[in-house]
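Below is one structure, written out as structure tokens, with a few remarks after it.
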Amino acid sequence: MKKIVIVGGGASGLAAAITAARKGCQVTVLEHKERPGKKILATGNGRCNLTNLRLDPDTGYRGGTPGFATSVLSKVTVEETLAFFEDMGLPVRDRDGYVYPRSAQAAAVADTLILEAEHLGARLLCGVHVRQVEQRKNGAFLVRAASPEGDINIPADCVILATGSKAAPATGSDGSGYGLAEALGHTIIPPLPALVQVICRGKVFRQLAGIRAEGEVRLYLDGTLAARDRGELQLTDYGISGIPVFQVSRYASVGLAEGRKVEAELDFWPDREESQVLSFLRERRDRLPYRTGEEFLTGIFAKKLGCVLLSSSGISLTDPAGQIPDRKLERLAGQIKAFPAQITGTKSFDSAQICCGGVSVDQVDPATMESRLVPGLYLTGELLDIDGICGGYNLQWAWSTGILAGRSAAGRNH
Ligand SMILES: Cc1cc2nc3c(=O)[nH]c(=O)nc-3n(C[C@H](O)[C@H](O)[C@H](O)COP(=O)(O)OP(=O)(O)OC[C@H]3O[C@@H](n4cnc5c(N)ncnc54)[C@H](O)[C@@H]3O)c2cc1C
């Protein structure tokens, strides 16, 4: 019976374990936390957005070699993944394409995977920290780990590295997988926080803290537009957050790491051109000249935001709106459409949902997830230099790579 050792009992490791066990392999999962699947419990605000029916692999994944993610996702598709969960007795529900377990409980996803893996006879060993993966001259492996009972060495025909990234290390993904892969000859693209809050310069953010506003964030690297996204922006005392900010944050992380100038523009009225906003403001001034500056934007923006936009355009909050000169209205339209923010950092790995960077995918075969450097070694999930956007893309990446690695390792001829 083929022996497969999986390092890491997270989303991709459990998917790999179930797939390989179904193909008759003897599967051992080594997980250093007290239980497998801890990160799954935190996903989707505890509801687990496990995939996306409108997933577009060409635009939803970044990093790595172009086409790598598309190739993997054509091997194990969203439909196959849904069938995988359905088979294990986990019904799902769809909210505008975002797929959740029917019970809306992330724990149901983790429990289902664990129950199925155990039912198939996979050994799930918890509290076991893998320190080294060694390949023998005959191609077989020895996995060296520390367990509560002392050091253990586990022989394997194939090893699947499913250790995740450095994001949210409290869930177990402490980055130790990068060292394991590197020791086997793999190149690591420096991991950086992604899908993360962004820190901006300026006291103005303290004034704006707590505001949520529909808008667009545009991110510039050395003055060139690198990414943009729309949705609910959250303004905080340190800078900006919210899904659209998460979506562009990996470009900020990379830009800052490369020493580039990273700036953002916040567009608080993205569905109108600046000229339309200006006409609107002129008409409003002529219709409501008796209002004070402070009252001028009432009903358009949250009060705190309106006051900041007015002040940064040089408009008095106490004078009548009828006295606002055209040039200041032009400045106000400019502030509404492109409120500037200089980005000085991102929140740390502790706050990040994922990492960008990781094991270079040039060294991995997208048809099998097998290492091109170490035959019999497979790599999955976030450990790799591929990062997905919000909306179920990262878990889908974990399921697809895990299932593909489990299937390929089980079918590998020695
Ligand atoms: C707060 C939060 C919310 C998220 N929400 C979503 C969402 O709704 N939808 C979505 O698609 N994605 C979401 N993600 C991202 C998603 O959870 C991850 O991309 C996915 O879990 C990665 O799977 P993985 O198998 O690569 O790694 P992980 O799930 O992190 O699993 C890696 C496992 O390996 C273990 N391990 C690591 N090193 C060792 C070692 N040396 N020895 C033994 N064990 C080891 C870890 O303890 C861990 O259990 C979210 C992430 C966070 C943090």
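Judged purely by atom type and a 3.5 angstrom limit, Gln323 has no side-chain atom pairing as donor or acceptor with the backbone of Pro320. A donor-acceptor contact shorter than 3.5 Å links the side chain of Gln363 to the backbone of Thr187. Within the 3.5 Å criterion, the main-chain N or O of Trp269 finds a donor-acceptor partner in the side chain of Lys337. In this structure, Arg250 contributes its side chain and Asp387 its backbone to no donor-acceptor pair below 3.5 Å. Using modelled atom types, no side-chain atom of Asp385 and backbone atom of Gly63 make a donor-acceptor pair closer than 3.5 Å. Judged by distance alone, with hydrogens and angles left aside, the side-chain atoms of Lys39 form no donor-acceptor pair with the main-chain N or O of Gln353 at under 3.5 Å. Looking only at distances, a side-chain donor or acceptor of Asn394 sits under 3.5 Å from a matching main-chain atom of Gly388. Put simply, the side chain of Asp174 never gets that close to the backbone of Pro169: no donor and acceptor are under 3.5 Å apart.
Rounded to the nearest 0.5 Å, atoms CZ (Arg47) and CZ (Arg93) are 8.0 Å apart. To the nearest 0.5 Å, the span separating CG on Leu184 from CD on Gln135 amounts to 7.5 Å. Once rounded to the nearest 0.5 Å, the distance linking CD1 of Ile18 with CD1 of Ile114 reads 9.5 Å. The CG atom of Leu395 sits 10.0 Å away from the OG atom of Ser12 when rounded to the nearest 0.5 Å. To the nearest 0.5 Å, atoms CZ (Arg35) and CG (Asp111) are separated by 6.0 Å. In this structure, the separation between OG1 on Thr163 and CD1 on Ile6 is 12.5 Å, given to the nearest 0.5 Å.
Proximity of Ser400 to Lys75: side-chain heavy atoms (C-beta onward) are nowhere separated by under 4.5 Å. The shortest side-chain heavy-atom distance between Leu221 and Val262 falls under the 4.5 Å cut-off. Side-chain contact check for Gln234 versus Glu232: some heavy-atom pair is nearer than 4.5 Å. With contacts defined as side-chain heavy-atom distances shorter than 4.5 Å, the pair Ser408/Glu370 does not qualify. Inter-residue side-chain proximity for Phe246 and Asp229 is flagged as unmet; no heavy-atom pair is nearer than 4.5 Å. In this structure, Ser176 and His32 have side chains that are in contact, with non-hydrogen atoms separated by less than 4.5 Å. A 4.5 Å side-chain heavy-atom check between Val245 and Gln197 finds every atom pair outside the cut-off. The side-chain heavy atoms of Leu219 and Val198, taken from C-beta on, include no pair separated by under 4.5 Å.
Summarising the local packing, CZ of Arg372 is surrounded by more than 12 heavy atoms from other residues, nucleotides or ligands at distances under 6.0 Å. Within 6.0 Å of NZ on Lys261 lie no more than 12 heavy atoms contributed by other residues, nucleotides or ligands. Shown here is Lys3, whose NZ atom has no more than 12 heavy atoms of other residues, nucleotides or ligands within 6.0 Å.
Tested against Tyr220, the residues Glu263, Glu265, Arg260 include a single side chain to side chain donor-acceptor pair (under 3.5 Å) partner, Glu265. The side chain to side chain donor-acceptor pair (under 3.5 Å) test with Gln335 singles out one residue from Ser311, Ser312, Ser313, and that residue is Ser312.
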(Q) Applying side chain to side chain contact (heavy atoms under 4.5 Å, CB included) to Tyr378 and Leu404, what does each step give before you reach the verdict? (A) CA-CA 10 Å; Tyr378 297 78; Leu404 188 52; over 6 Å; no
Q: Determine, step by step, whether Arg230 and Asp271 satisfy the salt bridge (charged side-chain N to carboxylate O under 4.0 Å, His left out) criterion, reporting the C-alpha distance in whole Å, the side-chain angles of both residues, the deciding distance to 0.1 Å, and the verdict.
A: CA-CA 10 Å; Arg230 274 190 198 193; Asp271 49 5; 5.8 Å; no
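Closest heavy-atom contact between Ala21 and Val27: N-CG2, 3.7 Å. Contact between Phe68 and Asp365 at its shortest, heavy atoms only, is CE1-C, 4.4 Å.
Defined by atom type and a distance below 3.5 Å, a donor-acceptor pair is present between the side-chain atoms of Gln396 and Thr51. For Arg407 and Thr19, the side-chain atoms include no donor-acceptor pair closer than 3.5 Å.
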Per-pair distances, 0.1 Å, donor-acceptor, side chain in residues 286-298, under 3.5 Å, sequence neighbours excluded:
{"residue": "Arg291", "atom": "NH1", "partner": "Glu295", "partner atom": "O", "Å": "3.2"}
{"residue": "Thr292", "atom": "OG1", "partner": "Glu295", "partner atom": "N", "Å": "3.3"}
{"residue": "Thr292", "atom": "OG1", "partner": "Glu295", "partner atom": "OE1", "Å": "3.3"}
{"residue": "Glu294", "atom": "OE2", "partner": "Lys303", "partner atom": "NZ", "Å": "3.3"}
{"residue": "Glu295", "atom": "OE1", "partner": "Thr292", "partner atom": "N", "Å": "3.0"}
{"residue": "Thr298", "atom": "OG1", "partner": "Glu295", "partner atom": "O", "Å": "2.9"}

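Among residue pairs with one or both ends in residues 76-110, those qualifying as ring-ring contact (aromatic ring centres under 6.0 Å, His included) are Phe85-Trp399; sequence neighbours excluded. Sequence neighbours left out, the pairs with a member in residues 53-67 that pass side chain to side chain donor-acceptor pair (under 3.5 Å) are Asp56-Thr59, Asp58-Thr70, Thr65-Asp362.
Here Arg282 pairs with Glu330 in a salt bridge; the nearest charged N to carboxylate O distance falls below 4.0 Å.
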